[in-house]
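All residue numbers refer to positions in the sequence shown, counting from 1.
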Amino acid sequence: MVTSILPLRVSDAVVKRRKKRLLGPVSLDVTAEGFTIIMGPNGSGKTTLLRVLHGLERLSSGQVSWTVPLADAQIRQAFVFQMPIMMRRSVRDNLAYPLLVHGQGKTAAYQAAEIWADRVGLADALDTPAPQLSGGEKQKLALARALIREPEIVFLDEPCANLDGRATREIEAILKDAQAAGTRILMSTHDVGQAKRLADDVVFLMHGSIIEHTPAKAFFTGPKTPQATALLQGDIVE
(Lines give C-alpha, C1' and ligand atoms only; values in the text may rest on other atoms or scores of the structure.)
Protein backbone atom coordinates (compact mmCIF):
# COMPACT_ATOMS: atom_id res chain seq x y z
CA MET A 1 0.00 0.00 0.00
CA VAL A 2 1.35 3.43 -0.97
CA THR A 3 1.81 5.80 1.97
CA SER A 4 -0.13 9.04 1.64
CA ILE A 5 1.92 12.23 1.40
CA LEU A 6 -0.70 13.91 3.62
CA PRO A 7 -1.21 15.48 6.04
CA LEU A 8 0.93 18.45 5.04
CA ARG A 9 2.07 20.45 8.06
CA VAL A 10 3.23 24.06 8.00
CA SER A 11 4.88 25.36 11.16
CA ASP A 12 5.61 29.07 11.70
CA ALA A 13 6.41 29.62 8.01
CA VAL A 14 7.71 33.09 7.12
CA VAL A 15 8.55 34.48 3.70
CA LYS A 16 10.49 37.73 3.40
CA ARG A 17 11.71 39.47 0.28
CA ARG A 18 14.02 42.49 0.41
CA LYS A 19 13.37 42.57 4.17
CA LYS A 20 9.62 42.88 3.60
CA ARG A 21 7.46 40.18 5.16
CA LEU A 22 5.12 38.69 2.56
CA LEU A 23 3.78 35.84 4.66
CA GLY A 24 3.76 34.60 8.19
CA PRO A 25 4.32 33.35 10.63
CA VAL A 26 1.77 30.83 9.33
CA SER A 27 0.92 27.42 10.74
CA LEU A 28 -1.50 25.15 8.93
CA ASP A 29 -2.37 21.46 8.71
CA VAL A 30 -3.67 20.19 5.37
CA THR A 31 -5.54 16.96 5.95
CA ALA A 32 -5.99 14.15 3.45
CA GLU A 33 -9.49 15.04 2.29
CA GLY A 34 -11.49 18.08 1.29
CA PHE A 35 -11.60 21.18 -0.85
CA THR A 36 -9.91 24.14 0.81
CA ILE A 37 -10.57 27.64 -0.49
CA ILE A 38 -8.05 30.38 0.32
CA MET A 39 -9.51 33.88 0.42
CA GLY A 40 -8.36 37.39 1.20
CA PRO A 41 -7.90 40.78 -0.46
CA ASN A 42 -5.17 41.51 -3.00
CA GLY A 43 -1.76 41.40 -1.36
CA SER A 44 -2.93 39.26 1.54
CA GLY A 45 -0.52 36.42 0.70
CA LYS A 46 -2.75 33.89 -1.08
CA THR A 47 -0.36 33.17 -3.93
CA THR A 48 2.66 33.15 -1.63
CA LEU A 49 0.97 30.64 0.67
CA LEU A 50 0.15 28.33 -2.24
CA ARG A 51 3.73 28.59 -3.51
CA VAL A 52 5.05 27.77 -0.03
CA LEU A 53 2.83 24.69 0.20
CA HIS A 54 3.97 23.48 -3.21
CA GLY A 55 7.62 24.20 -2.52
CA LEU A 56 8.05 27.02 -5.03
CA GLU A 57 8.87 29.64 -2.40
CA ARG A 58 11.95 29.70 -0.21
CA LEU A 59 11.15 30.08 3.49
CA SER A 60 12.92 32.72 5.56
CA SER A 61 12.07 30.63 8.61
CA GLY A 62 9.70 27.87 9.66
CA GLN A 63 9.05 24.46 8.16
CA VAL A 64 6.85 22.65 5.65
CA SER A 65 6.73 18.87 6.07
CA TRP A 66 5.06 15.93 4.37
CA THR A 67 4.64 12.40 5.70
CA VAL A 68 7.10 11.13 3.07
CA PRO A 69 10.48 12.40 1.85
CA LEU A 70 10.25 15.66 -0.10
CA ALA A 71 11.30 14.07 -3.39
CA ASP A 72 8.40 11.61 -3.14
CA ALA A 73 5.94 14.35 -2.22
CA GLN A 74 7.00 16.55 -5.14
CA ILE A 75 6.08 14.03 -7.81
CA ARG A 76 2.64 13.41 -6.28
CA GLN A 77 1.36 16.97 -6.40
CA ALA A 78 0.62 19.61 -9.04
CA PHE A 79 0.17 23.38 -9.35
CA VAL A 80 -2.08 25.35 -11.71
CA PHE A 81 -1.16 29.00 -12.22
CA GLN A 82 -3.60 31.87 -12.73
CA MET A 83 -2.06 32.47 -16.16
CA PRO A 84 -1.48 28.97 -17.53
CA ILE A 85 1.88 28.23 -19.13
CA MET A 86 1.51 26.63 -22.55
CA MET A 87 4.17 24.74 -24.45
CA ARG A 88 4.36 25.89 -28.09
CA ARG A 89 3.11 22.52 -29.20
CA SER A 90 -0.24 20.83 -29.75
CA VAL A 91 -2.82 20.17 -27.07
CA ARG A 92 -1.98 16.48 -27.45
CA ASP A 93 1.72 17.09 -26.80
CA ASN A 94 1.00 19.37 -23.84
CA LEU A 95 -1.11 16.69 -22.19
CA ALA A 96 1.29 13.84 -22.84
CA TYR A 97 4.35 15.76 -21.67
CA PRO A 98 4.00 15.23 -17.86
CA LEU A 99 3.66 11.49 -18.40
CA LEU A 100 6.58 11.27 -20.80
CA VAL A 101 8.99 13.13 -18.51
CA HIS A 102 8.09 10.73 -15.69
CA GLY A 103 8.92 7.69 -17.76
CA GLN A 104 5.62 6.55 -19.18
CA GLY A 105 5.75 5.00 -22.65
CA LYS A 106 4.82 7.14 -25.63
CA THR A 107 1.81 5.05 -26.68
CA ALA A 108 0.27 5.03 -23.21
CA ALA A 109 1.01 8.73 -22.69
CA TYR A 110 -0.73 9.77 -25.88
CA GLN A 111 -3.68 7.48 -25.20
CA ALA A 112 -4.07 9.16 -21.79
CA ALA A 113 -3.82 12.57 -23.49
CA GLU A 114 -6.77 11.72 -25.72
CA ILE A 115 -8.83 10.49 -22.75
CA TRP A 116 -8.16 13.65 -20.76
CA ALA A 117 -8.79 15.93 -23.73
CA ASP A 118 -12.21 14.34 -24.03
CA ARG A 119 -12.88 14.71 -20.29
CA VAL A 120 -12.26 18.46 -20.36
CA GLY A 121 -13.94 19.17 -23.68
CA LEU A 122 -10.82 19.52 -25.83
CA ALA A 123 -11.16 16.38 -27.95
CA ASP A 124 -11.69 18.44 -31.10
CA ALA A 125 -8.58 20.53 -30.36
CA LEU A 126 -6.00 17.78 -29.88
CA ASP A 127 -3.94 18.94 -32.86
CA THR A 128 -4.40 22.66 -32.21
CA PRO A 129 -1.31 24.55 -31.05
CA ALA A 130 -1.94 25.27 -27.37
CA PRO A 131 -1.13 29.02 -27.61
CA GLN A 132 -4.05 29.41 -30.05
CA LEU A 133 -6.65 28.26 -27.51
CA SER A 134 -9.06 30.65 -25.82
CA GLY A 135 -8.49 31.62 -22.19
CA GLY A 136 -11.01 29.08 -20.92
CA GLU A 137 -9.58 26.34 -23.12
CA LYS A 138 -6.05 27.09 -21.91
CA GLN A 139 -7.19 26.80 -18.31
CA LYS A 140 -8.93 23.48 -19.02
CA LEU A 141 -5.74 22.25 -20.67
CA ALA A 142 -3.68 23.37 -17.67
CA LEU A 143 -6.05 21.51 -15.34
CA ALA A 144 -6.00 18.35 -17.41
CA ARG A 145 -2.21 18.50 -17.61
CA ALA A 146 -2.05 18.80 -13.82
CA LEU A 147 -4.53 15.98 -13.21
CA ILE A 148 -3.38 13.51 -15.87
CA ARG A 149 -0.82 11.97 -13.49
CA GLU A 150 -3.51 11.57 -10.79
CA PRO A 151 -1.73 13.67 -8.14
CA GLU A 152 -2.71 13.31 -4.52
CA ILE A 153 -2.99 17.06 -4.08
CA VAL A 154 -3.39 20.01 -6.45
CA PHE A 155 -2.83 23.71 -5.74
CA LEU A 156 -4.65 26.27 -7.88
CA ASP A 157 -4.04 30.02 -7.93
CA GLU A 158 -7.31 31.73 -8.94
CA PRO A 159 -7.80 29.55 -12.03
CA CYS A 160 -11.11 31.22 -12.96
CA ALA A 161 -10.08 34.85 -12.41
CA ASN A 162 -10.16 35.80 -16.10
CA LEU A 163 -12.89 33.47 -17.33
CA ASP A 164 -16.53 33.99 -18.25
CA GLY A 165 -19.40 32.22 -16.52
CA ARG A 166 -19.56 29.23 -18.85
CA ALA A 167 -15.82 28.54 -18.65
CA THR A 168 -15.92 28.94 -14.86
CA ARG A 169 -18.75 26.43 -14.58
CA GLU A 170 -16.80 23.94 -16.71
CA ILE A 171 -13.65 24.37 -14.62
CA GLU A 172 -15.61 23.89 -11.40
CA ALA A 173 -17.12 20.68 -12.78
CA ILE A 174 -13.64 19.33 -13.56
CA LEU A 175 -12.49 20.18 -10.05
CA LYS A 176 -15.49 18.51 -8.43
CA ASP A 177 -14.85 15.37 -10.45
CA ALA A 178 -11.19 15.41 -9.40
CA GLN A 179 -12.13 15.76 -5.75
CA ALA A 180 -14.67 12.93 -6.05
CA ALA A 181 -11.88 10.79 -7.52
CA GLY A 182 -9.76 11.42 -4.41
CA THR A 183 -7.63 14.45 -5.23
CA ARG A 184 -7.09 16.93 -2.38
CA ILE A 185 -7.59 20.49 -3.63
CA LEU A 186 -6.43 23.86 -2.33
CA MET A 187 -7.48 26.86 -4.39
CA SER A 188 -7.43 30.62 -4.01
CA THR A 189 -10.29 32.76 -5.28
CA HIS A 190 -11.78 36.24 -4.92
CA ASP A 191 -15.21 34.93 -5.91
CA VAL A 192 -17.40 34.49 -2.83
CA GLY A 193 -20.02 32.61 -4.84
CA GLN A 194 -17.43 30.19 -6.13
CA ALA A 195 -16.08 29.67 -2.62
CA LYS A 196 -19.59 28.85 -1.38
CA ARG A 197 -20.09 26.34 -4.19
CA LEU A 198 -16.80 24.50 -3.71
CA ALA A 199 -15.34 24.91 -0.23
CA ASP A 200 -15.30 22.37 2.56
CA ASP A 201 -13.17 24.76 4.61
CA VAL A 202 -11.89 28.31 4.19
CA VAL A 203 -8.51 29.84 4.98
CA PHE A 204 -8.85 33.63 5.24
CA LEU A 205 -5.68 35.69 4.98
CA MET A 206 -4.93 39.32 5.88
CA HIS A 207 -1.51 40.97 5.60
CA GLY A 208 0.22 37.61 5.26
CA SER A 209 -1.42 36.02 8.30
CA ILE A 210 -4.22 33.48 8.65
CA ILE A 211 -6.93 35.18 10.67
CA GLU A 212 -9.61 32.53 10.15
CA HIS A 213 -9.52 28.85 9.20
CA THR A 214 -12.92 27.28 9.67
CA PRO A 215 -15.40 24.90 8.00
CA ALA A 216 -17.06 26.62 5.06
CA LYS A 217 -20.55 26.65 6.56
CA ALA A 218 -19.31 28.38 9.71
CA PHE A 219 -17.26 30.90 7.72
CA PHE A 220 -20.13 31.94 5.47
CA THR A 221 -22.85 32.02 8.14
CA GLY A 222 -20.87 33.40 11.07
CA PRO A 223 -17.44 34.86 10.24
CA LYS A 224 -15.39 35.57 13.34
CA THR A 225 -13.61 38.72 12.20
CA PRO A 226 -14.82 42.09 10.87
CA GLN A 227 -12.54 41.69 7.85
CA ALA A 228 -14.21 38.43 6.81
CA THR A 229 -17.62 39.97 7.43
CA ALA A 230 -16.71 42.89 5.17
CA LEU A 231 -15.49 40.53 2.45
CA LEU A 232 -18.71 38.55 2.49
CA GLN A 233 -20.76 41.77 2.35
CA GLY A 234 -18.86 42.96 -0.69
CA ASP A 235 -17.18 45.81 1.16
CA ILE A 236 -13.58 46.95 0.71
CA VAL A 237 -11.26 45.00 2.99
CA GLU A 238 -8.09 46.72 4.20
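One hydrophobic cluster, built from ILVMFWY side chains closer than 4.5 Å, cannot hold both Leu53 and Val80; they sit in different ones. One hydrophobic cluster holds both Leu141 and Leu143 under the rule that ILVMFWY side chains link at heavy-atom gaps under 4.5 Å. Hydrophobic clustering (ILVMFWY, side-chain heavy atoms < 4.5 Å, transitive): Val203 and Leu23 are in one cluster. In this structure, Leu28 is a member of the same hydrophobic cluster as Ile38, with clusters built from ILVMFWY side-chain heavy atoms closer than 4.5 Å. Transitive grouping of hydrophobic side chains (ILVMFWY, heavy atoms separated by less than 4.5 Å) brings Val30 and Val10 into a common cluster.
Ser209 is listed as a side-chain neighbour of Arg21, based on a closest heavy-atom distance under 4.5 Å. Within the 4.5 Å cutoff, no side-chain heavy atoms of Arg119 are placed close to those of Ile174. Contact annotation: the side chain of Leu8 approaches that of Val64 to within less than 4.5 Å [non-hydrogen atoms, C-beta and beyond]. Annotation: side chain of Cys160 is not in contact with side chain of Gln139 (no heavy-atom distance under 4.5 Å). Annotation: side chain of Thr67 is in contact with side chain of Pro7 (closest heavy-atom distance under 4.5 Å). Counting heavy atoms from C-beta outward, Leu100 and Tyr110 have side chains that approach closer than 4.5 Å. The closest side-chain heavy-atom distance from Pro129 to Arg88 is not below 4.5 Å. Leu186 is not listed as a side-chain neighbour of Phe35, based on a closest heavy-atom distance of 4.5 Å or more.
Remark: Arg51 CZ to Leu49 CG distance equals 12.0 Å, nearest 0.5 Å. Taken from CG in Leu156 to CD1 in Ile37, the straight-line distance is 8.5 Å, to the nearest 0.5 Å. Rounding to the nearest 0.5 Å gives a distance of 13.5 Å between CH2 of Trp116 and CZ of Arg145. Rounding to the nearest 0.5 angstrom, the gap separating the CD atom in Gln111 from the CG atom in Leu99 is 11.5 Å. The CZ atom of Arg9 sits 11.0 Å away from the CD atom of Gln63 when rounded to the nearest 0.5 Å. To the nearest 0.5 angstrom, Phe220 atom CZ is 8.5 Å from Thr214 atom OG1.
Between the Ser27 side chain and the Asp12 main chain, a donor and an acceptor come within less than 3.5 Å of each other. Looking only at distances, no side-chain donor or acceptor of Thr48 sits under 3.5 Å from a matching main-chain atom of Leu22. Proximity of a side-chain donor or acceptor of Lys217 to a complementary backbone N or O of Gly222 within less than 3.5 Å is not detected. Not one N or O on the side chain of Thr183 forms a donor-acceptor pair closer than 3.5 Å with the backbone of Gln179.
No more than 12 heavy atoms of other residues, nucleotides or ligands lie within 6.0 Å of OH in Tyr97, so this atom counts as exposed by the packing criterion. Few gaps surround CE on Met87; more than 12 heavy atoms of other groups in view lie less than 6.0 Å from it.
Using a 4.0 Å cut-off between a side-chain N of Lys or Arg and a carboxylate O of Asp or Glu, Arg76 and Glu152 qualify as a salt bridge.
Considering every non-hydrogen atom in both Arg184 and Glu33, the closest pair reads NE-O, 3.1 Å. Nearest heavy-atom pair, Glu212 versus Ala228, reported as atom, atom and distance to 0.1 Å: OE2-CB, 3.2 Å. For the residue pair Ile75 and Arg149, the shortest heavy atom distance occurs at O-NH2, 2.8 Å. The minimum heavy-atom distance between Ile171 and Lys140, with the atom names listed, is CD1-CG, 3.4 Å. What you find for Ala13 and Leu59 is that their closest heavy atoms are CB-CD2, 3.8 Å. Smallest separation of non-hydrogen atoms from Ile153 and Leu6: CD1-CD2, 4.1 Å.
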(message) Before you tell me yes or no, could you show the steps for Glu158 and Asp191 under side-chain contact (heavy atoms from CB on, under 4.5 Å), namely the whole-Å CA-CA distance, both residues' side-chain angles and the distance that decides it to 0.1 Å?
(response) CA-CA 9 Å; Glu158 299 194 51; Asp191 187 333; over 6 Å; no
(request) Starting from the C-alpha separation in whole Å, work towards a yes-or-no answer on side-chain contact (heavy atoms from CB on, under 4.5 Å) for Leu231 and Phe204. (result) CA-CA 10 Å; Leu231 177 84; Phe204 184 66; 3.5 Å; yes
(request) Let me see the working for Met187 and Val154 under side-chain contact (heavy atoms from CB on, under 4.5 Å), right down to the final yes or no. (result) CA-CA 8 Å; Met187 184 178 95; Val154 174; over 6 Å; no
(message) Please evaluate residues Phe81 and Asp157 with respect to the criterion side-chain contact (heavy atoms from CB on, under 4.5 Å), reporting the C-alpha separation (whole Å), side-chain torsions for both, the decisive distance (0.1 Å), and the verdict.
(response) CA-CA 5 Å; Phe81 296 90; Asp157 188 12; 5.6 Å; no
